[in-house]
Amino acid sequence: MEYISTRGAASPLNFEQVTLAGLAGDGGLYVPQSWPSFSPAEIADMAGLSYVETAVRVMLPFVGDALDETELRDICEQAYGRFSHAAVTPLVQLDGQQWLLELFHGPTLAFKDVALQLLGLLFEKFLARQDKHLTVVGATSGDTGSAAIDALAGRDKVDIFMLHPDGRISDVQRRQMTTVRAPNVHNIAIDGSFDDAQAMVKRMFADQEVTNRFSISAVNSINWARLMAQVVYYFYAASQLGAPHRKVAFSVPTGNFGDVFAGYVASKMGLPIEQLIVATNVNDILHRALSAGDYSTGTVTPTAAPSMDIQVSSNFERLLFDLEGRDGAKTAARMAAFEKSHNMQLEPAMREAASSIFTSHRVDPDDMSIAMRWAQDRAGHVIDPHSAIGLSAAQNVGLDPAVPVVTLATAHPAKFPDAVERATGIRPALPRRVGDLFDREENYTKLPGTYDAVKSFIMSNATPSDG
Ligand SMILES: Cc1ncc(COP(=O)(O)O)c(C=O)c1O
Ligand SMILES: N[C@@H](CCOP(=O)(O)O)C(=O)O
């Protein structure tokens with residue numbers, strides 16, 4: 001399997017190279033040269049498989065000869081052995097056709113663990129074959145950071161520099177990152193938004209002063225391996241609900257468009273998906289783009305679902321590339337224009353093509369609270385604000401009521417206790433496995449929200465690629 005850049009100019013890479021590279025040198029995102037696919041019989045064969053066995057079947061075509069089946073299974077067993085639920089991502093029925101796919105049973109209580117536990121092990125495996133040191137640079141609105149740090153802390157041959165927007169993530173999220181003591185972990189709080197942090201990370205990949213000295217890589221969903229791992233749970237959930245004989249819809253609380261793009265990949269691989277509901281909060285650029293063709297950024301509004309307070313959704317570029325007939329030059333020109341004007345209009349034909357699988361819904365704070373109360377009253381389930389946005393969209397987007405709809409529950413409610421308590425009157429307790437989070441000492445560096453300040457910090461603290 002070869003991977004190509006959405007901007008067409010970077011050389012194709014194999015799976016090992018693409019995992020270590022993160023972002024393409026031309027600024028694009030890597031995608032498989034073509035989508036592998038399963039026949040209906042092969043999908044029917046996935047019924048009843050464990051999470052690990054589903055993961056091996058779904059990911060093997062993407063891995064090529066970078067890992068054999070036994071190596072991939074071994075890595076999956078290690079990664080998912082750290083989850084606290086035997087089903088890894090259990091599917092729970094809320095009411096009638098409303099289902100919840102709980103993705104938060106990993107070590108840091110959010111869906112990011114599903115991919116990042118795997119990515120940490122992939123880095124280790126691939127770096128053991130190469131004589132180089134990796135510098136991971138990431139941006140987080142709260143969950144990617146803690147999951148990546150958990151997956152990489154203490155590992156040889158990797159440093160991680162994680163940028164978060166100062167004051168704009170929950171206390172639990174911040175402490176999950178800043179209380180980890182490991183010499184290879186560097187937390188940075190910047191003045192600004194997640195979008196500012198993400199823009200700095202992307203700029204670093206194109207900065208030769210940085211890339212000449214350091215081998216940099218990504219743990220955000222710009223890294224293909226992140227998305228690949230997230231495709232698995234769409235197959236796993238749909239198989240339990242009767243795929244390929246019955247179509248299923250998914251409602252996905254969306255920020256960087258990674259999780260829902262993984263659903264799109266599953267559909268490209270042959271999984272019969274009725275609709276992918278792109279659920280946004282008031283930072284609704286994706287809803288505007290899909291419903292009206294308007295992909296233009298405004299200022300980011302802080303909300304009770306802070307992990308989704310994002311305007312520039314990295315993975316939307318992967319969809320644009322497909323919608324434009326996989327013409328890298330066109331996507332490069334489109335993205336260059338967007339980077340200048342912060343505005344992009346989607347042509348009607350692109351919108352129509354997208355609407356064959358995507359629909360979108362913007363959820364306001366009141367509807368988010370109503371969904372949290374509904375889950376609690378109707379099904380006895382306390383859900384977090386992000387999952388509530390997905391659930392509210394699932395209930396209000398106007399789907400055929402005969403179709404089962406699976407809302408991705410992306411975080412444990414205890415990560416956002418204040419918002420949950422405001423909506424439901426219940427203050428969710430942190431699971432015992434996160435331990436004494438509020439007694440541990442925090443350690444992080446505050447920096448101004450400028451590229452130069454962040455670059456200079458990383459250049460002075462990172463290990464050059466030759467060690
Ligand atoms: C809890 C939670 N829900 C939803 C999202 C949105 O997911 P994506 O960025 O893949 O669209 C995020 C962050 O990305 C998150 O942390
Ligand atoms: N919500 C995310 C934002 C980054 O998303 P990613 O999936 O691209 O890593 C976070 O928690 O940091």
Side-chain angles (χ1 to χ4, degrees), residues 22-23 27 108 110 112 116 134-150 152-153 158-207 209-211 214 216-223 226 255-256 258 281 283 285 297-314 339 342 415-416 441-463:
L23 190 69
T108 67
K112 312 288 180 167
L116 283 159
L134 204 64
T135 299
V136 164
V137 188
T140 186
S141 55
D143 295 318
T144 293
S146 45
I149 287 170
D150 184 274
L152 296 181
V158 191
D159 290 320
I160 175 164
F161 293 83
M162 187 51 68
L163 278 57
H164 72 264
D166 196 16
R168 296 198 193 194
I169 61 177
S170 78
D171 291 348
V172 174
Q173 288 178 312
R174 192 191 63 252
R175 286 185 155 271
Q176 281 183 311
M177 297 190 285
T178 60
T179 62
V180 174
R181 279 299 164 101
N184 67 334
V185 171
H186 306 269
N187 278 294
I188 303 170
I190 61 146
D191 284 332
S193 66
F194 167 78
D195 284 343
D196 298 326
Q198 180 167 247
M200 289 183 210
V201 167
K202 287 183 176 167
R203 187 168 161 191
M204 216 155 276
F205 280 81
D207 185 333
E209 216 187 325
V210 178
T211 56
F214 305 98
I216 60 171
S217 187
V219 284
N220 285 105
S221 56
I222 51 179
N223 189 320
R226 277 278 314 273
N256 228 358
N281 63 17
N283 297 297
I285 184 169
T297 57
T299 33
V300 181
T301 306
T303 72
S307 304
M308 290 161 63
D309 292 345
I310 296 175
Q311 289 275 352
V312 181
S313 299
S314 295
E339 276 153 23
H342 306 288
K415 285 193 111 166
F416 308 96
E441 200 187 320
E442 290 192 79
N443 183 17
Y444 61 103
T445 305
K446 285 194 188 200
L447 291 177
T450 64
Y451 179 71
D452 288 344
V454 171
K455 174 178 165 180
S456 137
F457 181 85
I458 292 178
M459 300 262 310
S460 331
N461 290 284
T463 309

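When reading the values below, keep in mind they use all heavy atoms of this one structure, side chains included, and skip hydrogens, waters and symmetry mates. Keep in mind it's a predicted model, so treat the numbers as computed, not measured. One-based numbering along the sequence shown.
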Item to check | Pairing residues for Lys112 by the salt bridge (charged side-chain N to carboxylate O under 4.0 Å, His left out) criterion, not counting sequence neighbours | outcome: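 Residues passing salt bridge (charged side-chain N to carboxylate O under 4.0 Å, His left out) with Lys112: none at all.
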
Just verifying a value: how many Å separate [X] [atom1] and [Y] [atom2], rounded to the nearest 0.5 Å?
X      : Y      : atom1 : atom2 : value
Leu447 : Ile190 : CG    : CD1   : 9.0 Å
Met459 : Thr135 : CE    : OG1   : 10.5 Å
Ser456 : Tyr451 : OG    : OH    : 11.0 Å
Asp159 : Thr463 : CG    : OG1   : 4.0 Å
Glu441 : Thr178 : CD    : OG1   : 10.0 Å
Gln176 : Ile169 : CD    : CD1   : 9.5 Å

Which atom of [X] lies closest to which atom of [Y], heavy atoms considered:
X      : Y      : answer
Ala148 : Met162 : CB-CE, 4.1 Å
Arg168 : Gly192 : NE-O, 3.6 Å
Thr179 : Arg175 : OG1-O, 2.6 Å
Pro165 : Ser193 : CB-C, 3.8 Å
Ser313 : Ile285 : OG-CG2, 4.4 Å

Next on the checklist: Quick one, Leu23 and Lys202 - any side-chain contact, counting heavy atoms below 4.5 Å?
Outcome noted: yes

Checklist entry - Is there a donor-acceptor contact under 3.5 Å linking the side chains of Asn281 and Asp309? => result yes

Using atom types as modelled and distance alone, determine if a side-chain donor or acceptor of [X] lies under 3.5 Å from a backbone N or O of [Y].
X      : Y      : answer
Ser170 : Phe416 : no
Asn256 : Ser314 : yes
Asp191 : Pro448 : no
Asp150 : Ala147 : no
Asp207 : Arg203 : no
Asn283 : Val300 : no
Thr140 : Gly145 : yes
Arg226 : Leu116 : no
Asn184 : Val158 : yes
Asn187 : Met177 : yes

Checklist entry - Where do Val219 and Leu152 land on the side-chain contact (heavy atoms from CB on, under 4.5 Å) test, with the steps shown first? => result CA-CA 10 Å; Val219 284; Leu152 296 181; 4.1 Å; yes

Next on the checklist: Given Gln173, which partner from the list Ser141, Pro306, Ser146 fulfils the side-chain contact (heavy atoms from CB on, under 4.5 Å) test?
Outcome noted: Pro306

Checklist entry - Going through the checks in order, is the side-chain contact (heavy atoms from CB on, under 4.5 Å) test met by Asn443 and Arg181? => result CA-CA 8 Å; Asn443 183 17; Arg181 279 299 164 101; 3.7 Å; yes

Next on the checklist: Once you measure the plane-to-plane angle for His186 and Phe161, does it fall in the parallel (<30°), tilted (30-60°) or perpendicular (>60°) bin?
Outcome noted: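 Ring orientation of His186 relative to Phe161: parallel.
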
Next on the checklist: For Val210 and Ile458: C-alpha separation, side-chain torsions, deciding distance, then whether side-chain contact (heavy atoms from CB on, under 4.5 Å) applies.
Outcome noted: CA-CA 9 Å; Val210 178; Ile458 292 178; 5.7 Å; no

Next on the checklist: Run Ser307 and Lys415 through side-chain contact (heavy atoms from CB on, under 4.5 Å) and show every step you take.
Outcome noted: CA-CA 11 Å; Ser307 304; Lys415 285 193 111 166; over 6 Å; no

Next on the checklist: Quick test of your reading of the model: are Asp452 and Lys455 salt-bridged, counting only N-O distances below 4.0 Å?
Outcome noted: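 Salt bridge flag = no for Lys455 with Asp452.
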
